[in-house]
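Each remark here refers to the structure printed beneath this line.
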Amino acid sequence: MNKESPAPILDRPNSYVGRTLSRDAAKRAVAGRGRYTDDINPARTLHAAFVRSPYGHAKILSVDVEEAKQQPGVALVMTGAELAEMCTGPWVGTLTCFDGMKSAPQYPMAVDRACWQGEPLVMVVASSRAAAEDAAEFVMIEYEELPVVIDKETALDPDTPAIHPDLGDNLAFEKTIETGDVDKAVAEADIVIEDTFTFGRHTAVSLEPRALLAEYDPGTERLTIHTSSQCPHMVQAVFARTLGLPEHNVRIVAPDVGGSFGLKIHTFGDEIATIAASVKLARPVKFIADRLESFATDIHARENRVRGRIAVTKDGKITSMDIDIRSGAGAYSQYPRTSVFEANQILNITGGPYAHENYRASTQVVYLNKVPTSQYRAVGHPIGNSVGESLVDQAAAACGIDPMEFRRRNVMHDDSYPRIGAAGIEMRDMSHQQCLETLVERMNYDALREEQEEFRKKGVQRGIGIAAFIKGTAPGPSGYYGAGGAPIATQDACTVKLEPAGGVICMVGVTDQGQGVDTVMGQITAATLGVPIESVRVIEGDTDAVPYGGGTYASRATAIGGEATYQAALKLRAEILEIAGVLLQAAPETLDIVEGHVVDKGDTVSRISLAEIGRIGHFQVFELPNHVQPTLSATHRFRLRDALYIFTNGIQGAYVEVDIDTGFLKLLNHWVVEDCGRVINPQLADEQVRGGCVQGLGGALYEECVYDAAGQLQNATLADYLTPMAGEMPDIEVAHIQTHTGVSELGAKGVGESGTGAAPAVVMNAVNDALRPFGGKISSQPMSPETILKALGKV
Amino acid sequence: MKAPKFNYVKAESRSHALQLLDELGEDGRIIAGGQSLMPTLNMRLSQPDTLIDINKIPDLGGITLDGNIVRIGALTRHVEVANSPVVAEHLPLIAEAMPHVAHHAVRNRGTIGGSVALADPAAEMPACVLALGGTMVVESVNGSREIAAEDYFHGLYETARETNELLVELRIPAKKTGDISVFMELAQRHGDYAMAGLACVARINGNAFEGLRLVYFGSEDKPTLASKAVSAVIGQAWSEECKEAATKALEDDLDPMANLQGSSAMKLHLQKVLTGRALDTAIERAEAA
Amino acid sequence: MSEATMEISLSVNGEQVARTVPVRQHLVDFLRTEMGLTGSHLGCEHGVCGACSVRVDGAVVRGCLMLAVQADGAEVVTVEGLTQTGEVADLQENFVNRNAMQCGYCTPGMLITASELLRDPKPVTRAEIRDHLSGNFCRCTGYHAIVDAVEMTLNKRLEEG
């Protein structure tokens with residue numbers, strides 16, 4: 001904890017900050033009163049369904065929609081070519097910050113060529129979804145199948161065809177970074193370990209699928225779009241620009257969002273088509289992705305092969321790490337966030353917790369005839385952490401040093417910040433040592449090792465895993481989005497207003513998808529202003545109401561939006577005290593606000609209530625001298641300055657049991673110690689970590705989008721794409737170290753992805769710990785029973 | 001996705017259902033619990049002309065002990081089977097298998113007849129019925145017939161039931177004194193279809209198997225009786241060598257189909273592991289009894 | 001083929017209703033579109049996720065795996081009905097206090113499924129609670145908090161007899 005807080009007002013006794021409070025949205029959810037996009041049904045709403053490519057790659061020879069148009073209830077059938085005519089131009093999913101990156105132009109629906117199975121080709125709009133699907137069966141399309149590129153390893157081979165001939169080859173992006181001198185370190189090392197890791201393709205599987213309701217009013221030319229989105233302002237810009245509409249005429253409302261995980265920071269062609277239909281028909285048009293099309297169209301992620309190498313001295317000091325990544329993207333780079341962030345992030349964070357000074361990382365991202373890939377919770381971190389932490393474990397084993405002790409010797413020291421990390425990025429305000437020692441305590445590490453030994457004697461194979469991590473949260477403006485040319489805000493803003501009756505309205509650009517962002521902003525506002533939490537109403541998710549912001553992505557809501565809220569509330573507080581000073585004929589600095597009342601500092605007796613100030617400030621303004629012009633509203637906009645990210649850190653522990661005859665796993669315990677800086681609401685922070693862990697465990701154990709050689713997705717149902725369910729998941733113990741970030745006064749860093757980022761690494765290390773006596777080792781995820789049996793040489 | 005258009009008839013009685021089946025032929029499709037049919041309708045993978053709903057037929061459900069036969073009406077819900085004292089006492093194999101069948105909500109609605117009629121090769125009930133030497137009673141407008149489980153399961157979702165026939169009852173021999181049964185299944189997540197599974201019924205004398213039925217599911221195209229593995233075990237004193245011989249012989253009984261869950265080799269390996277475990281357990285249970 | 005429809009009458013959350021519905025419409029689409037009961041959610045429409053769980057004649061079922069016409073004559077209870085009667089008010093309170101949901105999309109299905117465990121409360125382990133909820137997908141919480149909330153409610157009910 002920092003000695004002198006730059007935000008002492010938040011550290012007061014009984015502060016709302018640092019306290020568990022329940023969420024209003026939760027009360028609504030338990031009563032079935034949530035209001036998701038599909039729950040909104042304006043009169044005369046039409047429903048869209050899509051004809052999608054049945055092939056991984058095919059030329060579209062002809063499209064005949066005449067019979068489809070004749071079907072009952074059909075209002076519109078639109079082809080890709082017709083939609084393209086309504087667009088200002090194709091999307092090109094590149095950012096200037098990624099040197100040399102290339103991507104093919106992409107229209108919202110394919111015009112003459114389909115490049116992945118599931119790509120939208122024709123939209124049918126009808127009186128009901130069922131009627132639209134009925135009519136879609138009458139759309140006749142002639143295809144000529146084209147060769148598919150499915151294997152990322154051969155995608156750059158000279159005899160592999162380029163998916164987009166104009167690009168010349170299938171390379172989207174390549175990059176190498178190096179610090180220090182890896183070759184020298186490797187040459188001089190006592191022990192060098194090499195391994196190759198592979199990771200399956202995942203998708204987000206938000207329980208509420210993508211959903212959009214577009215309502216165009218031809219009178220005002222206003223377009224109102226309710227959509228399940230994390231980033232209302234970004235989608236406003238993308239939708240408006242793609243369809244050539246003035247951005248200020250497009251209102252985006254994100255009502256309750258049924259899970260997002262990064263999926264809903266993106267925009268999709270079928271969404272553009274739905275909006276175009278509403279503009280064309282001047283009627284509300286709704287598109288709710290069903291689960292099958294979710295699998296075949298929602299962004300995918302995580303398909304990577306990484307070769308890694310670690311060099312160490314025999315007394316257990318890491319001297320270098322280097323990795324080479326082959327990342328499998330989809331048929332296009334996802335617009336506007338691209339499909340290369342993941343590889344770039346692996347390169348940024350692998351081996352991140354450690355103090356070695358020699359690091360090299362290179363990546364090649366290649367196009368495949370699969371669903372486009374992009375950001376999904378903890379972008380790149382599950383991969384980078386799995387690679388780095390597995391190499392560290394293997395090195396520890398080679399040195400004969402306990403893996404906890406090995407990490408203790410190598411993590412960056414808590415007193416060494418600010419410093420430059422191995423990847424050349426500035427790190428500050430971190431606590432690897434403190435987290436590690438806390439984990440040792442929480443796991444009761446030594447006793448657990450003894451217990452493991454006891455079980456081994458009984459023929460029960462248990463493994464203990466440890467994985468330290470860093471996590472890039474809350475990206476700054478100098479790095480990628482704004483600087484890269486995309487209409488994605490890295491700043492965020494808050495407006496806080498005192499209403500006439502003393503209520504406080506807090507409007508934020510960051511959004512809530514169930515994390516409790518609104519609750520957290522309410523707590524910051526109430527604590528800063530000195531008002532009861534019940535008097536604060538937080539508004540988010542409506543571009544008509546809230547100040548412009550980036551929304552919620554990359555664990556930024558509290559770190560960025562929270563600081564904006566804190567500063568806005570401070571400004572409003574100052575104005576309230578100034579007005580109170582005038583009314584009370586007291587110096588503002590002698591006054592304070594407690595529980596909605598202005599008091600003398602150090603006292604609790606009300607001198608004037610905020611309700612009274614609100615009343616005077618709005619209605620009885622004549623009571624104030626002319627030079628006082630109350631606004632009772634303050635806006636603050638916050639951005640990072642030089643930092644690329646606010647890096648957080650932590651460490652996870654896992655205890656698993658492996659049935660070495662069947663390859664089945666049992667997850668026994670899971671621990672997380674992480675440092676997200678100031679914790680605003682402990683329960684909400686804990687639950688972000690727990691949910692994040694299980695999302696990571698799903699990927700480590702079960703999840704994979706499986707393609708066959710023809711580019712057909714083999715498991716596009718929830719019965720075949722296995723997600724983690726209650727029966728197999730462990731209880732998860734969470735602890736926080738709170739090293740406030742120095743880049744804001746609030747001191748909060750991101751927390752939403754820390755569980756996901758390292759859970760796959762820790763469970764893979766635990767499994768390998770169990771397999772080690774048998775000479776087995778896993779380097780690929782998901783770790784299916786077959787993977788484990790193969791590692792043991794049993795299959 | 002939304003289901004395609006179809007017609008729907010609620011069968012009021014058994015005879016009504018049989019008449020509809022006869023009239024509609026290939027165009028008719030029976031819906032019982034619907035827990036497997038409804039997903040395929042919602043995904044437009046099946047497009048029947050007419051659904052014949054048998055849920056309201058009054059005399060198609062229920063569990064009774066009739067001499068040494070347990071009679072289970074085809075429309076009996078999984079939950080009723082799971083909670084039945086008759087099943088617990090006389091068909092302990094099925095009682096042991098029941099928690100593996102999907103999830104609570106699905107067991108509340110799904111029927112044992114539906115499971116047997118569908119003949120999913122990874123499902124629990126077909127394997128149990130075969131292991132227990134049960135008989136399926138099917139009816140048509142032409143009358144009724146009984147089909148032994150050995151003759152009933154033909155292949156992937158294929159059975160001996162004709163298009164115009166309705167599965168009305170399962171007749172399963174009640175456990176005889178001294179019978180031991182063991183049910184084992186490997187699924188990655190609770191309630192998933194089996195990656196490998198085994199329904200085992202045995203008679204044990206001392207340390208030796210006198211009688212044994214091993215039915216494997218989740219690996220072949222239908223629940224499969226293993227004869228070679230059984231031959232390797234019968235009459236022998238149970239031992240590690242015997243176990244090895246049985247699992248070796250199993251290679252001649254099974255030829256697993258690879259699927260998304262794993263390769264043929266892995267499935268065979270898992271069935272072997274289950275065989276050893278199930279027979280160990282059978283011996284333990286016999287000793288305990 | 002033209003759209004086949006059928007008249008049905010049933011009890012929804014204690015209210016007797018009659019409607020003519022397309023025979024292909026599943027129960028949750030009926031509840032959501034015809035009755036305006038949007039508490040039951042669609043997450044997969046193939047019977048895996050459990051978000052559509054409703055109670056039919058006293059038993060929790062997948063609402064997407066049952067046709068509306070099959071509910072003719074039945075008593076259907078949704079999360080709205082469960083809320084109205086107060087049957088699971090304690091569970092709902094514990095869900096809120098324990099933050100046993102984030103996005104809330106799975107919550108109605110979880111509550112309806114858990115209610116079956118609470119109706120005739122018996123001492124159960126956490127593993128048994130997990131098993132009972134194993135057919136309901138939650139992508140947000142990791143389940144720990146949900147298990148806590150159900151366990152707290154169950155223990156309280158057992159304590160109070």
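Just so we're on the same page: letters track the sequence lines, and every chain starts at 1.
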I'd like to verify something: which residue of A:Val706, A:Thr723, A:Leu665 has the highest number of heavy-atom pairs under 4.5 Å with chain B?
A:Thr723
From the list B:Arg189, B:Arg277, B:His269, the residue making the most non-hydrogen contacts under 4.5 Å with chain A is B:Arg189
Residues B:Arg29 and B:Asp49 bridged, charged N to O under 4.0 Å:
no
Among B:Ser263, B:Gly262, B:Gly276, residue most engaged with chain A (heavy-atom pairs, under 4.5 Å)
B:Ser263
Tell me, side chain or backbone of B:Leu270 under 4.5 Å from chain A's heavy atoms, or both, or neither?
side chain
Contacting region of A:Thr717 [heavy-atom separation from chain B under 4.5 Å]
side chain
Between atom CG of A:Leu667 and atom CG of A:Asp731, what is the distance when rounded to the nearest 0.5 Å?
11.5 Å
Check whether A:Tyr721 reaches the backbone of A:Thr203 with its side chain - one donor and one acceptor, N or O, closer than 3.5 Å.
yes
Member of B:Thr275, B:Thr281, B:Val273 meeting the side chain to side chain contact (heavy atoms under 4.5 Å, CB included) criterion with B:Met184:
B:Thr281
Residue from B:His190, B:Met266, B:Arg44 scoring the most non-hydrogen pairs under 4.5 Å with chain A is B:Arg44
Any side-chain donor near an acceptor of the partner, A:Arg52 and A:Thr297, under 3.5 Å
no
Which atoms of A:Glu728 come close to chain B, meaning under 4.5 Å heavy atom to heavy atom: side chain ones, backbone ones, both, or neither?
side chain
Contacting moiety of A:Leu722, where chain B heavy atoms sit under 4.5 Å:
both
Tell me if the centroids of the rings in A:His47 and A:Phe287 come within less than 6.0 Å of each other.
no
Which one, A:Arg129, A:Met725, A:Lys790, A:Glu137, leads in non-hydrogen pairs under 4.5 Å with chain B?
A:Glu137
Can you say whether B:Gln271 sits under 4.5 Å from chain A via the side chain, the backbone, both, or neither, judging by heavy atoms?
neither
Within the 6.0 Å centroid threshold, strictly below: B:Phe183 and B:Phe217
yes
Please state whether the side chain, the backbone, both or neither of A:Ile288 comes within less than 4.5 Å of a heavy atom of chain B.
neither
Is it the backbone or the side chain of B:Asp192 that comes under 4.5 Å from a heavy atom of chain A, or both, or neither?
side chain
Side chain, backbone, both or neither of A:Glu704 within contact of chain B (heavy atoms, under 4.5 Å):
neither
When every non-hydrogen atom of B:Gln188 is compared with those of A:Leu701, the smallest separation belongs to NE2-O, 3.5 Å
Just checking, A:Arg302 and A:Phe199: is the charged tip under 6.0 Å from the six-membered ring centre and within 45° of the axis?
no
Tell me, for A:Asp659 versus chain B, whether the close heavy atoms (under 4.5 Å) come from the side chain, the backbone, both or neither.
side chain
